[in-house]
Each structure stands twice: as C-alpha cells, then as structure tokens.
Amino acid sequence: MPLDITLSPIYRINAQEHPAMPGLLVLTPPRTAARGREQDRLIAYLLLTGNSTFTTTEYMQIAENAAKVFYATSGSLTNALRVATESINKALLDRNMDSSNRGQYALGWLTIAAVRETQCTFLLSGPMHVYHFGQTETRHVFEPNVSGKGLGMSQTTSIHYAQVTMQAGDRLLFCGKVPGAWDSTLTNTLNDPSPSSLEAMRRRLTSLTSEDLNAVLIQATNGTGSATLLNGKSEIKETVDEVPAPHSIPASLPRREEPLPTPQDFPADEPEPVS
C-alpha cells in the first residue's frame with residue numbers, strides 16, 4: 001500500500017512561531033516529469049545562514065528552481081538529487097560573488113529527499129541532521145566531515161547520501177542546528193520502541209526550549225501516495241503539475257542571521273564543518 005507523507009514545520013524566531021517555513025517544499029511528480037522521476041515525491045528543506053538578506057520570494061525561488069531541475073533530470077535518483085543541489089549551489093555562489101563588495105554572503109544548508117514507495121533517499125549538504133524514528137530501526141544521520149559547510153562557497157559541492165526504508169507510523173526529523181535541550185529527548189525517542197504521535201512529538205520539542213527553531217517533522221501513514229504540508233492550522237496538499245509560484249509565499253521573511261566568513265576565507269577543496 002502506498003505511503004502518504006505529512007510534513008509539520010517547526011519554525012520559531014524571537015519567541016514567535018511562524019506557520020510557513022521558507023525553503024520547505026513537498027511535491028508530487030508533475031505529468032512532465034523526466035524518465036525515472038515519475039514515482040518520486042520530493043522534499044526540499046533549505047536553511048540559509050549568513051548576513052545576506054533574502055525576501056521570502058527569493059528564498060523560495062531557490063528551492064522551487066531546484067525542484068524543477070530535479071523533475072527535469074532523467075536517470076538515476078542520486079544523480080537527480082545531485083544536479084538539483086548543484087543548481088542551489090550555483091545560485092548562492094553567483095549571489096555571493098555579486099554581493100562580495102558589500103560584505104554580504106550566504107550559505108545554504110540542504111536536506112533534499114526523494115520518497116519512492118517505501119524508500120526514502122536523502123542528500124545532505126552542510127551540517128544537517130536527519131533522524132529516522134522507525135518501527136523496526138532508529139537512526140541518526142549526521143556526517144559533517146562529508147557534507148561540508150554548505151552550498152554557495154565554491155564550485156565544488158560536498159554531499160552525503162543516505163537511505164532508509166519507511167513503514168506506516170515512521171517519522172523523520174530534519175534539522176540544522178539541534179538545540180541542546182533536544183539532545184536527550186531525541187536520544188530517548190530513538191530508543192523508544194513506541195514513540196509518541198507526530199503532534200505530541202512536535203509539542204514536546206517546541207516546549208523544551210525557548211531557542212529559535214528551524215526543523216521539520218515528517219510522518220508516514222498508509223494511504224494513496226499523497227504529500228501534505230501542514231501550514232499552521234491549514235493543510236496544503238501538493239498534487240500540482242507545476243512547482244508552486246512564488247506569489248503564494250508571504251511577502252516578508254523573518255530570519256536568524258549569523259556571521260559568515262568571506263569566500264576568500266574558504267578553502268578551494270573540501271570545507272571544514274561549521275563550528
């Protein structure tokens with residue numbers, strides 16, 4: 001039986017929770033999908049760090065363009081994920097080069113995943129975390145020495161692939177920086193043979209800390225192969241034939257900013273993990 005996937009964003013800035021998370025997409029295959037992409041549902045979770053300012057439309061446009069590239073790329077799944085990632089890297093690198101004289105830079109941390117039947121294949125770039133809370137296995141994917149500092153710093157992209165088999169009731173958590181208060185909770189959840197529901201887990205995680213939060217919880221259930229993005233109290237089912245237009249995104253973007261080294265400070269080969 002096909003699995004439905006439901007995404008619940010956890011997005012809090014300056015003690016205020018926001019119903020929509022910029023850079024988060026879930027899409028079902030369009031009719032125009034290239035050969036090999038016809039069964040792939042795509043989840044793109046892009047987290048931008050740095051001192052450069054992006055409007056929500058600009059933020060989402062980068063993720064949407066990557067989704068278009070993914071569905072236009074035939075052949076192997078891993079290659080399609082890589083090509084989509086390279087499109088984000090090029091967009092951010094070009095922007096960084098254009099704004100270097102103003103001292104403004106941005107890095108992209110990316111988790112991009114394709115769900116095909118019960119298989120979920122991930123590509124991570126930057127120090128991103130993926131937690132899999134499964135019925136038969138639990139796993140924490142975090143390989144910063146391989147996935148590097150992120151996208152937009154050089155023409156070379158550092159990426160890490162992983163794959164999990166999902167069943168109804170399984171959950172995933174994608175996250176950039178994991179708050180300290182979450183460490184023991186996630187460890188306990190990974191070791192819990194019957195963890196709490198999606199909504200209960202979301203409430204627990206948000207109540208544990210007052211820190212800014214940027215993460216997404218994902219639930220797999222028996223269904224028809226649909227993909228649902230929870231947006232506050234409403235639901236957005238992405239069963240469209242084209243990637244959503246940016247005008248559907250809110251006009252302003254509250255975002256956390258962090259100091260970011262200039263491109264000249266980055267090594268030309270493999271970058272070191274973010275501290």
Side-chain angles (χ1 to χ4, degrees), residues 1-28 41-47 109 111-113 115 117-120 122 124 128-142 162-238 254 256:
M1 181 178 293
L3 294 176
D4 290 348
I5 53 175
T6 302
L7 282 71
S8 179
I10 303 176
Y11 185 41
R12 185 170 68 200
I13 297 178
N14 297 326
Q16 181 178 357
E17 290 197 32
H18 299 271
M21 180 187 293
L24 177 62
L25 293 175
V26 57
L27 297 169
T28 56
R41 286 167 290 169
L42 183 70
I43 302 169
Y45 170 48
L46 174 65
L47 194 163
W109 298 1
T111 299
I112 186 168
V115 181
E117 297 181 349
T118 60
Q119 296 297 314
C120 185
F122 311 96
L124 281 68
M128 295 290 264
H129 298 256
V130 170
Y131 294 86
H132 175 218
F133 309 99
Q135 306 296 304
T136 58
E137 68 168 350
T138 56
R139 187 178 177 189
H140 176 203
V141 179
F142 180 58
Q163 188 177 74
V164 298
T165 300
M166 299 186 68
Q167 301 180 39
D170 285 8
R171 282 161 306 284
L172 297 165
L173 174 68
F174 297 169
C175 188
K177 289 189 175 180
V178 178
W182 283 14
D183 287 343
S184 60
T185 296
L186 293 175
T187 300
N188 292 337
T189 304
L190 285 169
N191 295 326
D192 187 349
S194 56
S196 59
S197 68
L198 181 72
E199 182 56 29
M201 184 176 179
R202 187 187 190 283
R203 289 196 305 266
R204 184 181 183 190
L205 291 175
T206 55
S207 65
L208 281 172
T209 179
S210 60
E211 295 180 54
D212 289 353
L213 298 174
N214 194 310
V216 56
L217 273 171
I218 302 167
Q219 173 89 48
T221 55
N222 287 323
T224 60
S226 69
T228 301
L229 173 61
L230 301 178
N231 184 353
K233 295 183 179 180
S234 63
E235 296 183 359
I236 303 173
K237 289 184 179 293
E238 299 294 0
R256 171 177 51 84

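Atom set for the values below is all heavy atoms of this structure, side chains included, hydrogens, waters and symmetry mates excluded.
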Tell me, do [X] and [Y] make a side-chain contact under 4.5 Å, heavy atoms counted?
X	Y	answer
Leu3	Asn222	yes
Leu230	Thr6	yes
Asn214	Trp109	no
Thr165	Gln119	yes
Leu172	Ile43	no
Leu229	Pro9	yes
Leu186	His129	no
Val115	Cys120	yes

[X] side, atom [atom1]; [Y] side, atom [atom2] - distance, nearest 0.5 Å:
X	Y	atom1	atom2	answer
Gln16	Asp212	CD	CG	11.0 Å
His140	Leu173	NE2	CG	9.0 Å
Arg12	Asn14	CZ	CG	10.5 Å
Glu137	Met166	CD	CE	10.5 Å
Ile218	Phe174	CD1	CZ	3.5 Å
Arg139	Gln163	CZ	CD	9.0 Å

request  = With side chain to side chain contact (heavy atoms under 4.5 Å, CB included) as the test, would you mind laying out the steps for Met201 and Ile10 before giving the verdict?
outcome  = CA-CA 11 Å; Met201 184 176 179; Ile10 303 176; over 6 Å; no

inquiry  = What I want to check is whether the side chains of Ser226 and Asp4 have a donor and an acceptor closer together than 3.5 Å.
reply    =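 Note: Ser226 and Asp4 side chains meet the donor-acceptor criterion.
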
Nearest heavy atoms of [X] and [Y], plus distance in Å:
X	Y	answer
Gly176	Leu47	CA-CD1, 4.1 Å
Met21	Ala215	CE-O, 3.0 Å
Arg171	Gly169	NH1-O, 2.6 Å
Phe142	Met128	CD1-O, 3.4 Å
Gly134	Thr138	N-CG2, 4.1 Å
Ser8	Leu198	CB-CD2, 4.4 Å

task = Using the side chain to side chain contact (heavy atoms under 4.5 Å, CB included) rule, take Gln135 and Asp170 through it: C-alpha gap first, then chi angles, then the decisive distance, then the call.
result = CA-CA 6 Å; Gln135 306 296 304; Asp170 285 8; 3.0 Å; yes

message = Closer than 3.5 angstrom, by distance alone: can the side chain of Arg202 be matched with the main-chain N or O of Leu217 as a donor-acceptor pair?
response =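 Looks like no, no N/O pair under 3.5 Å.
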
key: side chain to side chain contact (heavy atoms under 4.5 Å, CB included) between Leu42 and Leu25, intermediate numbers included   = CA-CA 8 Å; Leu42 183 70; Leu25 293 175; over 6 Å; no

inquiry  = Can you confirm whether Glu17 is buried at CD, in the sense that more than 12 heavy atoms of other residues, nucleotides or ligands lie under 6.0 Å from that atom?
reply    =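 Above 12, so yes.
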
message = Tell me whether the rings of Tyr11 and His18 are parallel (<30°), tilted (30 to 60°) or perpendicular (>60°).
response =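 The rings of Tyr11 and His18 sit tilted, inter-plane angle from 30° to 60°.
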
